[in-house]
Amino acid sequence: MTTQPLMAVTHVVALETFLKGVGAVFRKFDDQDSGSISYGLEVAGSRWFVKAASKTTDVCSLRRAISVHQAVSHPSIVPLVHSFTTDEGLALVYPWVSGEVLYHPTRSRQGGRAAPDSPMARFRTQQLAQINIAVETLLSAHLAVEDAGYVAVDLYDGCMLYDFDQQRMMLCDLDEYRPGPFTLEADRLPGSSRYMAPEEFVRGSLIDIPLRSSTWAGHCVSSSTPATRRRSGAEPRPNWLSSRRRPHLSRRNGCRP
């Protein structure tokens, strides 16, 4: 069996030149607000997502992602399959997964969640049952994160990859997840403020249980959907708000618009 060059490489000088040499680059994401550059690459009929970083802080984030994926495995977490260094930094390889992230901020464009054709606006028009399944998926993945001894950091709708055709939620971009619990030694954690719990803004607070963050994020995603607002009292409570999980929402009174 011949190993694909993409999976055998350990170091390249120029990433984009290498990628174009081993396959066809069909997408390029070079306007990311994170500063990373990513590629959609097809090699011998298989599609891959290659994410690269060159700045020291961004490379540290990708190295953190490697550690997370070594510890955590879940069917709804897009798996890391390979990594290699470049002259400028580090590159990670994931399988290309169909779908759209619910929010895709770039350096040139922010906001847009409420635009009728945006992924988040379309997600919010889904049937309540499908929204509940999606949120349950997030919680299930974060149970695996918690079992591995990690804490969710920078979890927001840009980490939520939803396939509207298959009605399937996947979790991606775990670059800021880290071992926990830990004490916050900065004024705040990285992340989107609308998805962050109150303690993530308080220096000295204990950051623990990823299920709290994922329940909070699920609440923020679903609480303003038309389907959620239409839910009558006769309908069953979603599983992700069951008595087992509700305590994780006890200190969270609402979501930022």
Side-chain angles (χ1 to χ4, degrees), residues 1 3-12 15-16 18-19 22-23 25-30 32 34-102 104 137-163 168-180 190-191 210 213-214 217:
M1 181 177 178
T3 302
Q4 287 189 8
L6 180 63
M7 299 302 167
V9 68
T10 58
H11 180 84
V12 301
L15 177 60
E16 189 165 331
F18 167 75
L19 296 179
V22 299
V25 175
F26 61 89
R27 290 285 300 275
K28 182 177 180 179
F29 306 89
D30 57 357
Q32 309 293 95
S34 66
S36 64
I37 298 179
S38 301
Y39 302 86
L41 179 71
E42 184 167 346
V43 182
S46 296
R47 288 190 160 196
W48 309 98
F49 179 79
V50 182
K51 183 175 183 178
S54 56
K55 294 180 180 179
T56 301
T57 54
D58 297 335
V59 170
C60 287
S61 291
L62 295 195
R63 291 196 183 282
R64 189 180 292 118
I66 292 174
S67 298
V68 174
H69 285 283
Q70 287 174 341
V72 181
S73 177
H74 188 275
S76 297
I77 295 177
V78 180
L80 175 67
V81 295
H82 188 49
S83 65
F84 56 92
T85 57
T86 73
D87 272 10
E88 294 186 338
L90 183 65
L92 307 186
V93 182
Y94 300 88
W96 181 270
V97 177
S98 61
E100 301 172 67
V101 288
L102 295 187
H104 185 197
T137 297
L138 294 176
L139 293 177
S140 176
H142 282 90
L143 285 172
V145 171
E146 180 176 349
D147 288 345
Y150 277 77
V151 173
V153 177
D154 195 18
L155 171 63
Y156 74 120
D157 42 1
C159 303
M160 304 172 195
L161 181 65
Y162 193 71
D163 185 329
R168 179 190 65 198
M169 178 69 84
M170 297 289 288
L171 187 65
C172 63
D173 195 15
L174 311 185
D175 302 356
E176 295 298 330
Y177 285 36
R178 54 199 70 182
S213 296
S214 57

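Along the sequence shown, residues carry numbers from 1. Predicted model, so just to flag it, every value in this text is computed and none were measured.
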Review point. Under a 4.5 Å cut-off applied to non-hydrogen side-chain atoms, are Ser61 and Glu176 in contact?
Key: yes
Interatomic distance, OH@Tyr156 vs CG@Asp173, rounded to 0.5 Å, equals 6.0 Å
**Report entry** Tyr39 versus Glu16, side-chain donor and acceptor atoms under 3.5 Å
**Finding:** yes
*May I ask you to check whether Ser38 and Arg27 show a side-chain donor-acceptor distance below 3.5 Å?*
no
- Query: Is the shortest heavy-atom distance from the side chain of Leu41 to the side chain of Arg47 under 4.5 Å?
  - Reply: no
Next item on the list: Could you check if a side-chain atom of Lys51 sits within less than 4.5 angstrom of a side-chain atom of Asp175, using non-hydrogen atoms only?
Entry: yes
Exercise. Report, as yes or no, whether the 6.0 Å neighbourhood of atom CD on Glu88 holds more than 12 heavy atoms from other residues, nucleotides or ligands.
Key: no
* Any idea how Phe84 and Phe18 line up, ring-wise: parallel (<30°), tilted (30 to 60°), or perpendicular (>60°)? -> perpendicular
Report yes if some heavy atom in the side chain of Tyr94 is under 4.5 Å from a heavy atom in the side chain of His69; otherwise report no.
yes
ask   = Side-chain contact, heavy-atom cut-off 4.5 Å: Met170 with Val78?
value = yes
ring-ring contact (aromatic ring centres under 6.0 Å, His included) evaluation trace for Trp48 with Phe26: CA-CA 10 Å; Trp48 309 98; Phe26 61 89; over 10 Å; no
May I ask you to check whether His11 and Thr86 show a side-chain donor-acceptor distance below 3.5 Å?
no
message: If you define the side chain from C-beta out and look only at heavy atoms, does anything of Val93 sit under 4.5 Å from Leu80?
response: no
Check your understanding: With a 6.0 Å cut-off on ring centres, are His142 and Tyr150 close enough?
Key -> no
Notebook entry, point to check: Do other residues, nucleotides or ligands put more than 12 heavy atoms under 6.0 Å from the CZ atom of Arg178?
Noted result: yes
Original post:
Taking side chain as C-beta onward, heavy atoms only, is Leu6 less than 4.5 Å from Leu19?
Top reply: yes
